[in-house]
Protein chains: 2
Amino acid sequence: MAGIKDVATLAGVSVATVSRTINEPDKVTEQTRITVQKAIKKLNYHPNVLARDFRTRRTSRIIVLVPDISNTFFSNVIRGIQRQAKGLKYAVLLGETRNDKGIEREYASMVLSRQADGIIQFSPSNPFLDLAKDNDPLTDFWVNACECISDTTTPKIRIDNTKAMETIANQVLEMGHKKISVLLGPADSPLTISRLSGVYAALEKKKIDPKSLTKIEGDFSARSGTQAALDLLKIKTKPTAVLCFNDEMAFGLIHGLKQSGLSIPEDMSVTGFDDIELAQYCDPPLSTISQPAMQIGSTAMTALHKKINGKFNSDLEHILPADLIVRSSIAAPRQRQIS
Amino acid sequence: MAGIKDVATLAGVSVATVSRTINEPDKVTEQTRITVQKAIKKLNYHPNVLARDFRTRRTSRIIVLVPDISNTFFSNVIRGIQRQAKGLKYAVLLGETRNDKGIEREYASMVLSRQADGIIQFSPSNPFLDLAKDNDPLTDFWVNACECISDTTTPKIRIDNTKAMETIANQVLEMGHKKISVLLGPADSPLTISRLSGVYAALEKKKIDPKSLTKIEGDFSARSGTQAALDLLKIKTKPTAVLCFNDEMAFGLIHGLKQSGLSIPEDMSVTGFDDIELAQYCDPPLSTISQPAMQIGSTAMTALHKKINGKFNSDLEHILPADLIVRSSIAAPRQRQIS
DNA sequence: TTGAAAGCGTTACCAA
DNA sequence: TTGGTAACGCTTTCAA
């Protein structure tokens, strides 16, 4: 395995010059640059990054902490991170946390032991909590995406969940629905809280009694959507529309409702949130909110890069636009409510 | 930040002894071990992993190369890798390749430059190809999962695609279908080839003319499934069943067929492959082949670990079991074929 | 069992 | 612009 020394010898220059041609090409003559690059190619030389990292105390690696890898919405965010990371010369370490604080902490300690430069966190918690014994500045190197903590120091990259939810709720109410229901995520999740307040805002605008809103708690899984269908059918005054707080639950809900003989949207309108790829192939195609997943990812990567490099960050909150996608899973309610 | 030297000084021993107490505790007296550990604690010493990696030429990091992160089947394999990696003390670097050989090569060079110890590759190609000028032993550190190359040296972890496809084709033929169609992946993909031969095997068993099989090429995306529906409807003698080579395409196909007024499975039976989470929430629920995704991942991680550590590997081919999942997307054909 | 010391392959400082 | 060379913090011989 050829080392920098071999390259230097072959090119007839010093190791310092080889190092420079690689890292600061502007600081060498074009002449020597060409010679050195030729030698590099000839020897098939790959710099030993371990040695470089060791020397520079930098890894060019960042960690992405995601609660659930198989959620396709996250996949797209990760893809955005990945692409941006490539441009900024970072490698992406992936960690699935299943919302386990212990696992989050383990990954965070990889930053303290300099195995990675920083963290992109998708959950509303500081992974460095309880870890910052020495008030270590390294514990600052993280940004929060999608579902965010409420502090004033961490960069946040997300959509306006309240506004997005209000938009889709408005759409449903405009169609004439009076009695609606929501299928929430976990009750304590900031995502659930902010989206729910969007629903309330829409109700208020239409002067509909917020108490008429039926709330069912789910966990963002399709399975919990199917479960919710059963709960829903037990209600005496059934809603004519259900707003699900993500697409997977909407899939499960629709499945459950159909099994019980209901037609969507004739008997009940259903909406989702996220616009995962399969949403348009749902039967009926799902009305939902499209999040700019890739853009969230790339923005988060850029923000982390700035944070790591100590750049001043004037805008801590990056609120990206989300779009209402109307498909045929919603329609005006029937004149009579179903019994 | 305290270093190993500080610990040595405080404990009144040499750095070598400190190193030993950390890495080979059995090789030091209990007496000194205690002294050293006390010093470590007092100084809040954390070994510099960068220095250790550099010195040992090992990173405890592996790269996972996946064509498409947002494919939920891959997500589950990755999860399996992740869990196993944790036990074996590896961190997982994720790379999305979009089947781009250039990107694969870039990641492979990260192994040569010692940023990672090895690669788990999901595509049927050697990522180190064109990169191994010096016959570098490092280029051996990879394993192939799911869709595999045909050589005799690379460990392979996959299901028996031919057999699995034959199983589901048998199921459909047993139900009485005579005229069937297949929705393939890319024609040159080993996955397509092996699964297709499974279909032929099933046809032969039933003495059905293989020429009666209508083949439509897709690209494993839902969109290509919807496109295939259009193609299918143009055929004069329509099939009564379509075997899709993955679930996403089945989703798209069913969507397209329904749009054209067909009922599934009454007018046409449809099957998928992979059993992604949403398959059971499809309308009708999708019959498919369930791959042991997590197990594929963990097995691949273990195999790579062995490869890296130069362990003799008697079984290069790990063929894992796959299950037929029968749901209501298939049924006996109608007596008369639809016009 | 312990210690002294030689690297590991870079980068970065200082001189030339 | 270039070269010589001292770090970087650890592991790992080799002797004691």
Side-chain angles (χ1 to χ4, degrees), chain A residues 1-40 43-61 89 110 112-115 117 138, chain B residues 1-40 43-61 89 109-117 134 136-138:
Chain A
M1 191 77 179
I4 199 172
K5 221 166 177 174
D6 303 305
V7 177
T9 309
L10 181 61
V13 297
S14 72
V15 290
T17 301
V18 177
S19 177
R20 276 189 216 103
T21 44
I22 294 170
N23 302 305
E24 305 158 298
D26 302 335
K27 291 195 171 179
V28 301
T29 325
E30 188 173 348
Q31 173 60 29
T32 57
R33 195 188 317 149
I34 293 170
T35 319
V36 171
Q37 279 167 344
K38 212 176 281 175
I40 288 176
L43 293 172
N44 191 26
Y45 165 70
H46 292 270
N48 181 327
V49 183
L50 252 36
R52 169 160 60 206
D53 286 352
F54 166 51
R55 187 56 237 247
T56 59
R57 305 160 144 270
R58 277 290 223 76
T59 69
S60 292
R61 248 169 269 134
K89 306 284 182 200
M110 289 179 65
L112 298 188
S113 62
R114 300 195 181 268
Q115 296 185 75
D117 295 340
L138 289 174
Chain B
M1 194 80 176
I4 198 173
K5 219 166 179 175
D6 303 306
V7 177
T9 308
L10 180 61
V13 296
S14 72
V15 292
T17 302
V18 177
S19 177
R20 278 191 212 100
T21 41
I22 294 171
N23 302 306
E24 305 159 299
D26 302 334
K27 292 196 171 175
V28 300
T29 325
E30 188 174 347
Q31 173 58 29
T32 57
R33 195 188 316 148
I34 292 171
T35 320
V36 171
Q37 279 167 345
K38 210 175 283 177
I40 288 177
L43 293 172
N44 190 28
Y45 167 71
H46 289 275
N48 181 328
V49 182
L50 253 35
R52 173 165 54 209
D53 285 353
F54 166 52
R55 183 58 235 243
T56 58
R57 304 162 143 270
R58 278 293 221 74
T59 67
S60 292
R61 246 169 272 136
K89 305 283 180 200
S109 79
M110 288 179 66
V111 174
L112 298 188
S113 61
R114 303 248 155 72
Q115 297 185 75
D117 295 340
D134 305 332
D136 192 320
L138 288 175

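- For A:S19 and C:dT11, the shortest distance from a side-chain N or O to OP1 or OP2 is below 4.0 Å.
- Contact detail for B:R52 and B:N23: the closest heavy-atom pair is NH1-OD1, 3.8 Å.
- Using a 4.0 Å heavy-atom cutoff across all strands shown, A:D53 reaches no nucleic acid atom at all.
- The nearest whole Å value for the distance from the NZ atom in B:K27 to the P atom in C:dG3 is 15 Å.
- Distance from the side chain of A:V13 is smallest to D:dG3 among D:dG3, C:dT2, C:dG3.
- When heavy atoms are screened at a 4.0 angstrom cut-off, A:V15 is found touching base atoms of the nucleic acid.
- A straight line from CZ of A:R52 to C1' of D:dA7 spans 18 Å, rounded to a whole angstrom.
- Residue-level contact check: B:R20 touches the bases, meaning some heavy atom is under 4.0 Å from a base atom.
- How far CZ of A:R33 is from OG1 of A:T17: 12.5 Å, rounded to the nearest 0.5 Å.
- Atom NE2 in A:H46 sits roughly 17 Å away from atom C1' in C:dT10 (whole-Å rounding).
- The interatomic distance linking B:D26 (CG) with C:dT2 (P) rounds to 13 Å, in whole Å.
- Contact annotation: the side chain of A:R61 approaches that of A:D53 to within less than 4.5 Å [non-hydrogen atoms, C-beta and beyond].
- As judged by a 4.0 angstrom heavy-atom cut-off over every strand, B:T17 is placed among residues touching the sugar-phosphate backbone only.
- Contact annotation: A:T56 does not reach the phosphate of C:dT11 (side-chain N/O to OP1 or OP2, under 4.0 Å).
- One atom, CG of B:L50, and another, P of D:dC8, lie 15 Å apart when rounded to the nearest Å.
- Here A:F54 lies parallel enough and close enough to stack on the base of D:dC8, with planes under 30° and ring centres under 5.5 Å apart.
- Rounded to an integer number of Å, the gap from A:R114 CZ to D:dC8 P is 14 Å.
- Where B:R55 and B:Q31 meet DNA chain C, the nucleotide closest to each residue was compared, and B:Q31 sits on the side nearer the 5' end.
- The side chain of B:T32 places no N or O atom within less than 4.0 Å of a non-bridging phosphate oxygen (OP1 or OP2) of C:dT1.
- The shortest distance between side-chain heavy atoms of A:I40 and A:I22 falls below 4.5 Å.
- C:dG9 atom P lies 10 Å from atom CG of A:D6, rounded to whole Å.
- Protein atom CG of A:N48 is 14 Å distant from nucleotide atom C1' of D:dC8, rounded to whole Å.
- In this structure, OG1 in B:T35 is found 10.0 Å from CD in B:E30, a value given to the nearest 0.5 Å.
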